[in-house]
Amino acid sequence: MAEITQKDGSWSFDGEVLRIVPGHGRGVHAVRTQLGELIVPLAAMAGVSYEAGRKRGRLRLRLRAGADPFAQATSGGLQEAADPYSLEVDSDRAGLAEYLVDEVRNSLLLDQVPVNDPADRYLMPGPTVPAILNGSDGKIYFDGERLKIEWGWATEEVKKSAGTRSLALEELTGVEWQRPTWENGWFRVLPLGAHVAVKPSHDPNCVVLWGWREARETSESALLAAAVTARLPHPYARETEAVEAAGPIALTKGDTPSPAPAGAGGTGEHGQDALLRRLRELGELHESGVLTDEEFARAKTAVLDQL
């Protein structure tokens, strides 16, 4: 068992899970206390590191993409004090921190965890519901199935005129979250279908966060974003399904195309038309976010090699 306890909380690793328990007291950020104890399975981890410092160092846990709905929703936007996967370590506990790092790394190697591959399902649960966000110009309620947005007195008229919003999960493609700072934070739902992007103060799908009560607004909005994200279809599951549905590229690298399946376009002029169609399809998948930059570049190169 590798274990370290500090002001912000404690980390303990038993070879299978990393248990993160938040600290108590006024100095501990509300995000940590509201999330509560986290149980991170080895399969969800991508790595852990210790950064030594003069007076204090810092442990950092890196998760596999798509393993945790909270990390997926906040996407690195949390300040360090609020990040549950970061722990400030006193210099006299550096040896314990380095021992924990070694234990996690050895377990990742022994279990052959695919640390560079995204998870195709969430390996950690999302925050519990119901969840409530008290924003600067409105309030959002989420009961696990439906989001309800009510506007307050400080709301712009264009939002008030849209009235109370009520959206089922099936009507959403996702959420966007921006950490509240001075008049520069927001929580936005993304409905199905086309919609015009407007600034948060005029968007009826968005609640503004002014950051007057930074810790509370950050905690409420981040946990709400994670609660919704956990209950939407997994992003990498959709990606895998979309790529499989598009079908494999029928050509292999070389001057002469390999035989294509029936209906795939054949060779010669018709084969080139099929390749151009494939390029357009890949471009659309990339623009919509289904393919990552790396996946798009790899697939594009494979097609261009045939032209």
Side-chain angles (χ1 to χ4, degrees), residues 34-35 44 63-75 77 118-135 137-152 155 158-179 185-209 217 219-247 281 284-292 295:
Q34 289 299 311
L35 271 176
L63 300 175
R64 292 173 60 197
D68 174 33
F70 182 80
Q72 187 77 20
T74 55
S75 189
D120 60 2
R121 60 187 177 86
Y122 290 122
L123 302 175
M124 298 175 64
T128 59
V129 292
I132 300 175
L133 168 60
N134 293 283
D137 65 349
K139 180 181 289 189
I140 302 181
Y141 302 86
F142 179 54
D143 62 6
E145 297 180 356
R146 182 172 290 273
L147 281 148
K148 183 179 180 182
I149 307 176
E150 296 180 347
W151 305 116
T155 310
V158 66
K159 285 186 176 181
K160 288 182 179 178
S161 63
T164 299
R165 303 279 285 151
S166 182
L167 296 162
L169 283 177
E170 293 76 15
E171 301 176 75
L172 303 179
T173 62
V175 297
E176 289 181 348
W177 174 81
Q178 173 67 42
R179 178 171 66 88
W186 37 262
F187 179 96
R188 176 183 281 122
V189 297
L190 303 174
L192 292 168
H195 49 278
V196 179
V198 296
K199 61 182 182 179
S201 60
H202 290 76
D203 187 349
N205 297 311
C206 185
V207 167
V208 175
L209 307 170
E217 288 185 355
S219 175
E220 288 185 356
S221 58
L223 267 65
L224 175 61
V228 176
T229 297
R231 290 161 177 81
L232 289 171
H234 193 280
Y236 294 107
R238 289 203 302 269
E239 176 180 308
T240 302
E241 292 166 3
V243 172
E244 290 176 351
E281 292 170 357
E284 291 171 359
L285 290 171
H286 180 239
E287 289 177 5
S288 64
V290 170
L291 293 178
T292 65
E295 290 165 336

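Since this is a predicted model, take the numbers as computed values, not measurements.
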Heavy-atom closest pair (A162 atom, P204 atom, distance to 0.1 Å) is CB-CB, 3.8 Å
Side chains of V207 and K139: does their closest heavy-atom pair fall under 4.5 Å? no
List for me each residue that meets side chain to side chain donor-acceptor pair (under 3.5 Å) alongside S166, sequence neighbours excluded, and say none if there are none. R146
Identify the heavy atoms of F70 and A222 that sit nearest to each other, and give their distance. CE1-CB, 4.0 Å
Report yes if the side chains of P118 and Q72 come closer than 4.5 Å at any heavy-atom pair, otherwise no. no
Heavy-atom pair with the smallest gap, counting every atom of S219 and Q34: OG-CG, 3.1 Å
Would a 4.5 Å heavy-atom cut-off, applied to side chains only, mark F187 and V175 as touching? yes
Side-chain heavy-atom pair L224, I140 within 4.5 angstrom cut-off: yes
Closest non-hydrogen atom pair, A227 against V129: CB-CG1, 4.1 Å
With T229 via side chain to side chain donor-acceptor pair (under 3.5 Å) - residues at least two apart: none
Just to verify, what does R188 make a side chain to side chain donor-acceptor pair (under 3.5 Å) with, not counting sequence neighbours? E176, D203
Could you check whether any side-chain heavy atom of L190 comes within less than 4.5 Å of a side-chain heavy atom of N205, counting everything from C-beta outward? no
Any donor-acceptor N/O pair, E171 side chain to A168 backbone, under 3.5 Å: yes
Side-chain heavy-atom pair L123, D68 within 4.5 angstrom cut-off: no
State whether the side chain of H234 and the backbone N or O of G66 hold a donor-acceptor pair below 3.5 Å, judged by distance alone. yes
Nearest heavy-atom neighbours spanning K160 and G152: CE-O, 3.4 Å
Once rounded to the nearest 0.5 Å, what's the spacing between atom OH of Y141 and atom CD1 of I132? 6.0 Å
Is it the case that the side chain of W151 and the backbone of K159 share a donor-acceptor pair, with hydrogens and angles ignored and the cut-off at 3.5 Å? yes
Straight-line distance of R165 CZ to C206 SG, nearest 0.5 Å: 11.5 Å
Any side-chain donor paired with an acceptor under 3.5 Å for S221 and W177? yes
For the side chain of D137 and the backbone of V208, is there at least one donor-acceptor N/O pair under 3.5 Å apart? yes
Checking L192 against L172 for the side-chain contact (heavy atoms from CB on, under 4.5 Å) test, could you report, in this order, the C-alpha distance in whole Å, the side-chain angles of both residues, the deciding distance, and whether it holds? CA-CA 5 Å; L192 292 168; L172 303 179; over 6 Å; no
Under the criterion side-chain contact (heavy atoms from CB on, under 4.5 Å), which of L223, L133, I149, L147 is the partner of F142? L147
Would R179 and L209 count as a side-chain contact (heavy atoms from CB on, under 4.5 Å) if you check the C-alpha gap in whole Å, the side-chain angles of each, and the deciding distance to 0.1 Å? CA-CA 8 Å; R179 178 171 66 88; L209 307 170; over 6 Å; no
Between A67 and P69, what is the shortest heavy-atom contact and its length? O-CD, 4.2 Å
